[in-house]
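What follows is a set of notes on a single structure, which appears directly below.
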Amino acid sequence: MKKSFDLIIKHGLIFDGSGGEPVISDIAVKDDRIFAVGTFSDNDAETIIPAAGLAVAPGFIDSHAHSDFTLIADNRAEGKLFQGVTTEINGNCGMSAAPLYGKAVERREDDLKELGISERWNSVMEYRELIEKIGLALNTAMLIGHGNIRGSVLGYDNREPSATELSHMKYLLETSIQEGGIGLSTGLIYPPGIYSSTDELAALAGVLKPHGLIYTSHMRSEGTSLLESLQELIVISRAAGIKSHISHIKTAGEQNWHKCDAAISLIMAAREEGMEISCDRYPYIASSTDLDSLLPSWAFEGGNEDELQRLRSGELRLKIRQELLEKAKNRAYWERIIISSVVSPSKAWMEGMTIPEISEQLACDEIETVLTLLLEEKLRVGAIFLSMSEDNLRKFLSLPFCSIGSDSSARCFDGPTRLGKPHPRTFGTFPRFFGKYMRGERLMPLTEAIRRATMLPAKIFGLTGRGQIKKGYSADIVIFDPDTISDRATFEDPFLKPAGVPYVLVNGAVAVWEGELIKKFSGRMLTR
């Protein structure tokens, strides 16, 4: 006899994602939807999940992810599913999977080769077709990277676009939106975004307004010029008449920690004016990006090969050294930088070590270590930067419009994405947020913590029908133990599963059962 439902979650403490008080009840799932919340018989479904004593919540939405290519290389997404993440917002920091044309294609070629990806594509539509072909273990939504658009039209030159080029950039953004993009992202410390003007960004942001889409930004500065960068984001948002989102909000560098309250005041003033401004944050005081982000902006101009030529030039290398000496006046600066990944197996011993520790082994100073390493590894060096304040982290996490984002890619415990020693946020962001800051430090009640990881990001990014336990909504559900959920990943050993997340559903299909991965590949690419 055919059962009424595919699956029933029994006797769970249900948090609907809105921030309201939980109820003990059952959830019936049919096809990919939540059919109802109520009381059901075990005989009504093929599969029963016993959830007594556990929290049942909407699947966590990672507000800031970088899985654009790792999902192609390995679609299991273990590191995210084991945390309870069912949806990622990708294409952040100006870098998305598409569009890719001209110089932007060349820029990504090494990434694709390193991950063993043989497929190639140009447009958002072609990327979507590839995703649908290979299948996904979780859902993904794509912001369109400004770096992709500028790189495709202008390359990596330090100049303003002509009127014709700007029109081409707008057309490329409009086309990418029509093909499934959910907004525009910028990365204004990276080439080519670093060369863009406020007027250029405002013009592109204007393309978003008729679609009601969002502008997100890794701002021009998160330290020395933090407040000026916030003001630029507000100017762009106001000029275009759109909502905006601050990527991984922070105050980087101890000399800038005091700016936290002023930054929050700027945002609050804009919100009181009626502007929609939100942010995301990961629950760590260390960031992670490419090691060459330390270099002066002029060193990036023209693309990777031009950057490498400058590192080979005695005169220009000396100029870079002099500028780095101004930035790094003591050993403590370098002690806060840890190498997370290199390409050459012969240098794998450096992974997990600080710049001074490596310098001692190489018998040279820290700047020489950095410049030589970048040259020998052809710039493909990842690093972790210990530059933030715990007090400021708590302040940002406490903002009611701050969602949770890992700033990491989906990786697996084996295969092509097990590379280097990535930031532990890759495997620990959401369990750490709930275990350390919600339960351990009582930063907010569980109801509010769940809202930040579910309904809030769904609203920010326009993911309709997701982010809540509600009749008719997509059955993206996480079942976890609020008393034991915690991260295990460390800087020394990041490839460790978190604790306390026994069940995860993606679009109604079980993806994690009793803590073990089920290869269902029921994820989708979500569009506006």
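These values consider heavy atoms only, across backbone and side chains, with no hydrogens, waters or symmetry-generated copies. As the structure is a computational prediction, the values presented were derived from the model and not from experiment.
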Are the aromatic ring centres of [X] and [Y] under 6.0 angstrom apart?
| X | Y | result |
| --- | --- | --- |
| Phe413 | Phe427 | yes |
| Phe434 | Phe60 | yes |
| His423 | Phe491 | yes |

Using distance alone, with no hydrogens and no angle criterion, decide if [X] and [Y] have a side-chain donor and acceptor under 3.5 Å apart.
| X | Y | result |
| --- | --- | --- |
| His245 | Glu276 | no |
| Ser96 | Asp68 | no |
| Asn507 | Arg466 | yes |
| Asp74 | Thr417 | no |
| Ser67 | Glu88 | yes |
| Ser287 | Tyr282 | no |
| Ser63 | Ser403 | yes |

Find out whether Ile404 and Asp280 are in side-chain contact, i.e. whether some heavy atom of one side chain is under 4.5 Å from a heavy atom of the other. no

[X]: partners by salt bridge (charged side-chain N to carboxylate O under 4.0 Å, His left out), with sequence neighbours left out:
| X | answer |
| --- | --- |
| Asp481 | none |
| Arg394 | Glu390, Asp391, Glu441 |
| Arg108 | Asp111 |

Which side-chain hydrogen bond (donor to acceptor under 3.5 Å, both in side chains) pairs, counting each pair once, include a residue from residues 5-18, with sequence neighbours left out? Lys10-Asp26, Asp16-Ser18

Please report the interatomic distance [atom1]([X]) to [atom2]([Y]), rounded to the nearest 0.5 Å.
| X | Y | atom1 | atom2 | answer |
| --- | --- | --- | --- | --- |
| Cys279 | Met219 | SG | CE | 9.5 Å |
| Ile214 | Phe461 | CD1 | CZ | 5.0 Å |
| Leu13 | Ile479 | CG | CD1 | 12.0 Å |

Provide the closest heavy-atom pair for [X] versus [Y] in the form atom of the first, atom of the second, distance.
| X | Y | value |
| --- | --- | --- |
| Ala263 | Leu230 | CB-CD1, 3.5 Å |
| Thr447 | Pro22 | CG2-CD, 4.1 Å |
| Cys412 | Arg418 | O-CB, 3.8 Å |
| Tyr190 | Thr289 | OH-OG1, 2.6 Å |
| Lys243 | Ile460 | NZ-O, 2.8 Å |
| Ser389 | Trp257 | CB-CD2, 3.5 Å |

Going through the distances and angles, do Thr251 and Asn392 end up as a side-chain hydrogen bond (donor to acceptor under 3.5 Å, both in side chains)? CA-CA 8 Å; Thr251 48; Asn392 287 353; 2.8 Å; yes

Under the side-chain hydrogen bond (donor to acceptor under 3.5 Å, both in side chains) criterion, do Tyr284 and Thr429 qualify, and how do the steps go? CA-CA 8 Å; Tyr284 297 85; Thr429 290; 4.9 Å; no

Quick check: does any side chain N or O of [X] sit under 3.5 Å from a backbone N or O of [Y], one acting as donor and the other as acceptor?
| X | Y | result |
| --- | --- | --- |
| Arg452 | Leu399 | yes |
| Ser486 | Pro431 | no |
| Lys436 | Pro283 | no |
| Glu232 | Glu228 | no |
| Arg76 | Arg411 | no |
| Gln468 | Gly17 | no |
| Ser237 | Leu233 | no |
| Arg220 | Ile189 | no |

Applying ring pair (Phe, Tyr, Trp, His ring centres under 6.0 Å) to Phe5 and not counting sequence neighbours gives Phe35, Phe40

Would you call the rings of His64 and His66 parallel, tilted or perpendicular, where under 30° means parallel and over 60° means perpendicular? perpendicular

Contacts under 3.5 angstrom, residues 510-526 side chains, donor-acceptor by atom type, not counting sequence neighbours:
from   : atom 1 : to     : atom 2 : distance (Å)
Ser522 : OG     : Val506 : O      : 2.7
Arg524 : NH1    : Asp32  : OD2    : 3.0
Arg524 : NH2    : Asp32  : OD2    : 2.8

Mark yes when over 12 heavy atoms from residues, nucleotides or ligands other than Lys30 sit less than 6.0 Å from its NZ; otherwise mark no. yes

May I ask you to say whether Glu222 pairs ionically with Lys250, meaning some side-chain N is under 4.0 Å from a carboxylate O? yes

